[in-house]
**Q** 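Starting off with a structure, shown below.
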There are 2 protein chains.
Amino acid sequence: MTDSVVLDPVDLEILRLLQNDARTTYRDLAAAVGVAPSTCLDRVTRLRRGGVILGHELRLDPAKLGRGLEALLLVQVRPHRRELITPFVERVRALPESRALFHLTGPDDYLVHVAVTGATDLQRLVIDEFTSRREVARVETRLIFQQWDCGPLLPPAA
Amino acid sequence: MTDSVVLDPVDLEILRLLQNDARTTYRDLAAAVGVAPSTCLDRVTRLRRGGVILGHELRLDPAKLGRGLEALLLVQVRPHRRELITPFVERVRALPESRALFHLTGPDDYLVHVAVTGATDLQRLVIDEFTSRREVARVETRLIFQQWDCGPLLPPAA
DNA sequence: AATGAAATGATTGGTTT
DNA sequence: AAACCAATCATTTCATT
């Protein structure tokens, strides 16, 4: 969890390249950063074990999979005690509509990013899975018009 | 953009498997779904061209890269006209601290997910890049205590 | 951290259904 | 048009230095 991993310039360069294309071969990585392919493999393995690299993820388009509407739900869970919020989190994570969940400071305790079929599906989700629960004090629904990815986490070289 | 891609059971099964591990080999995919490796390659290529698969992404831990504090900024951009919001979006996307950007319905026009070094960095970001801008009418900052990924976009088999 | 050999996987073209 | 097979080519991985 803590920042106990040391990253040298070679590690950073490898991460920068993989960030742009997670399927870059070790051979190409090696050529780009100036070490042997086997060394690249070593580095990446270490970065994975160290928790810097969390995983290789496939990004899918929800709209192409029949989930054309996305929304953010701002949820108040009251009383805000462990015995209520722990099961709440697990329930929300298990919903097939959920994409991401945040525990926040501020008036709303949680933000839930959901992808649904359409307005009807969203209405059902809000009512049946959120407002109908005793511990859910309030839900505010905000539709997502559009969303953008931003630049890479690692800036392009020092 | 539109949902013009037809997905048969083999496509769905391939997506389900790749969703769990984006580096599953074509050989393993083939064995799991019961077709030839070359067919798997064909399928995946088609899914990429069809826009169902948007890309292979490396997930990194911001905390391990010295960005231990994440926050969501709720931003009002007024007046909410194209000539103001288009450059706003591009400016926000270009900030090294930005991770994701959403255009929303509701009282706040945009939600910006940022990862910063710490509170001082966040303060600087909010003041220098947001509230100091004429078109930014309001910024509400919510810290992220914790965040979770949710289940796969594609449910585990029909 | 590099080397090079062995093992594994990706990809292509020709062929079949 | 889509799937398969088998051969080729590229990449990964590991033992060794």
Side-chain angles (χ1 to χ4, degrees), chain A residues 3-61 63-66 152-154 156-158, chain B residues 1-61 64-66 152-158:
Chain A
D3 189 351
S4 56
V5 185
V6 184
L7 299 170
D8 71 12
V10 172
D11 291 322
L12 289 173
E13 196 53 29
I14 288 173
L15 290 174
R16 265 189 267 272
L17 291 163
L18 283 177
Q19 206 171 211
N20 296 333
D21 179 2
R23 295 192 308 177
T24 309
T25 64
Y26 294 118
R27 187 181 142 279
D28 289 351
L29 277 181
V33 306
V35 298
S38 56
T39 306
C40 273
L41 175 63
D42 273 0
R43 296 296 190 119
V44 172
T45 305
R46 225 176 307 158
L47 290 167
R48 288 184 130 268
R49 275 206 304 261
V52 179
I53 295 174
L54 295 172
H56 289 71
E57 223 178 39
L58 196 70
R59 284 212 320 131
L60 299 175
D61 184 347
K64 301 273 180 176
L65 298 168
L153 199 55
L154 232 51
Chain B
M1 275 278 129
T2 36
D3 190 351
S4 55
V5 186
V6 184
L7 299 169
D8 70 12
V10 172
D11 292 322
L12 289 172
E13 197 52 29
I14 288 173
L15 290 174
R16 266 189 267 272
L17 291 162
L18 283 177
Q19 214 173 205
N20 295 333
D21 179 2
R23 294 193 308 177
T24 309
T25 64
Y26 293 116
R27 187 180 138 278
D28 289 351
L29 277 182
V33 307
V35 298
S38 55
T39 305
C40 273
L41 177 62
D42 270 2
R43 295 297 190 119
V44 172
T45 305
R46 229 176 303 160
L47 289 167
R48 289 184 129 267
R49 275 206 304 260
V52 179
I53 295 175
L54 295 172
H56 288 70
E57 222 178 40
L58 196 70
R59 283 213 320 131
L60 299 175
D61 183 348
K64 301 273 181 178
L65 298 168
L153 198 56
L154 233 51

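None of the values given here were measured: they were computed from a predicted structure. Naming convention: chains lettered A, B, ... in sequence-line order (proteins, then strands); numbering from 1 in each chain.
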**Q** If you check every side-chain atom of A:L41, which of D:dT13, D:dT11, D:dC4 has the closest atom?
**A**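 Closest nucleotide among those given: D:dT13.
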
**Q** Working to the nearest 0.5 angstrom, can you tell me the gap between B:Q19 CD and B:T24 OG1?
**A**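 Nearest 0.5 Å value for the CD-OG1 distance: 11.0 Å.
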
**Q** Rounded to whole angstroms, how far apart are CD1 on A:I14 and P on D:dT12?
**A** 12 Å

**Q** At under 4.0 Å between heavy atoms, what does B:R43 touch on the DNA or RNA strands: base, sugar-phosphate, or nothing?
**A**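 Sugar-phosphate: the residue B:R43, judged by heavy atoms under 4.0 Å, touches backbone atoms but no base.
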
**Q** So what does B:S38 hit on the nucleic acid, given a heavy-atom distance under 4.0 Å: a base, only sugar-phosphate, or nothing?
**A** base

**Q** State, with a plain yes or no, whether a side-chain heavy atom of B:L15 is found less than 4.5 Å away from one of A:L65.
**A** yes

**Q** Tell me: CZ of B:R23 to C1' of D:dT11, nearest whole Å?
**A** 13 Å

**Q** Pair B:I53, A:R59 - check side-chain contact (heavy atoms from CB on, under 4.5 Å), show working.
**A** CA-CA 6 Å; B:I53 295 175; A:R59 284 212 320 131; over 6 Å; no

**Q** Determine the contact category for B:R46: base if any of its heavy atoms lies under 4.0 Å from a base atom, sugar-phosphate if only primed atoms, P, OP1 or OP2 are that close, otherwise nothing.
**A**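 Sugar-phosphate contact only - B:R46 comes under 4.0 Å of backbone atoms but never of a base.
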
**Q** How many whole angstroms separate atom CZ of B:R48 from atom P of C:dA10?
**A**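 For the pair B:R48 CZ and C:dA10 P, the rounded distance is 14 Å.
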
**Q** Rounded to whole angstrom units, what separation is found between the NE2 atom of A:H56 and the P atom of D:dT12?
**A**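 Going from NE2 in A:H56 over to P in D:dT12 covers 10 Å.
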
**Q** Give the nucleotide from the list D:dT12, C:dA2, C:dG9 with an atom nearest to the side chain of B:T25.
**A**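 Among the listed nucleotides, the one closest to the side chain of B:T25 is C:dG9.
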
**Q** Among the nucleotides C:dA2, D:dC4, D:dT12, which one has an atom lying closest to any side-chain atom of A:T39?
**A**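 Among C:dA2, D:dC4, D:dT12, the one nearest the side chain of A:T39 is C:dA2.
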
**Q** To the nearest 0.5 Å, what is the distance between CG on A:L154 and CG on A:D11?
**A** 10.5 Å

**Q** Check the distance between C:dA2's P and A:L29's CG and give it to me in whole angstrom.
**A**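 The distance from CG of A:L29 to P of C:dA2 comes to 14 Å, rounded to the nearest Å.
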
**Q** Can you tell me how far P of D:dT11 sits from CZ of B:R27, to the nearest Å?
**A** 19 Å

**Q** Would you kindly give the CG-to-P distance between B:D21 and C:dG9, to the nearest whole Å?
**A** 13 Å

**Q** Between B:R43 and B:D8, is there a side-chain heavy-atom distance shorter than 4.5 Å?
**A** yes

**Q** Rounded off to whole Å, could you give me the CG-to-P distance for the A:D42 and C:dA2 pair?
**A**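 Spelled out: CG on A:D42 to P on C:dA2 is 10 Å.
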
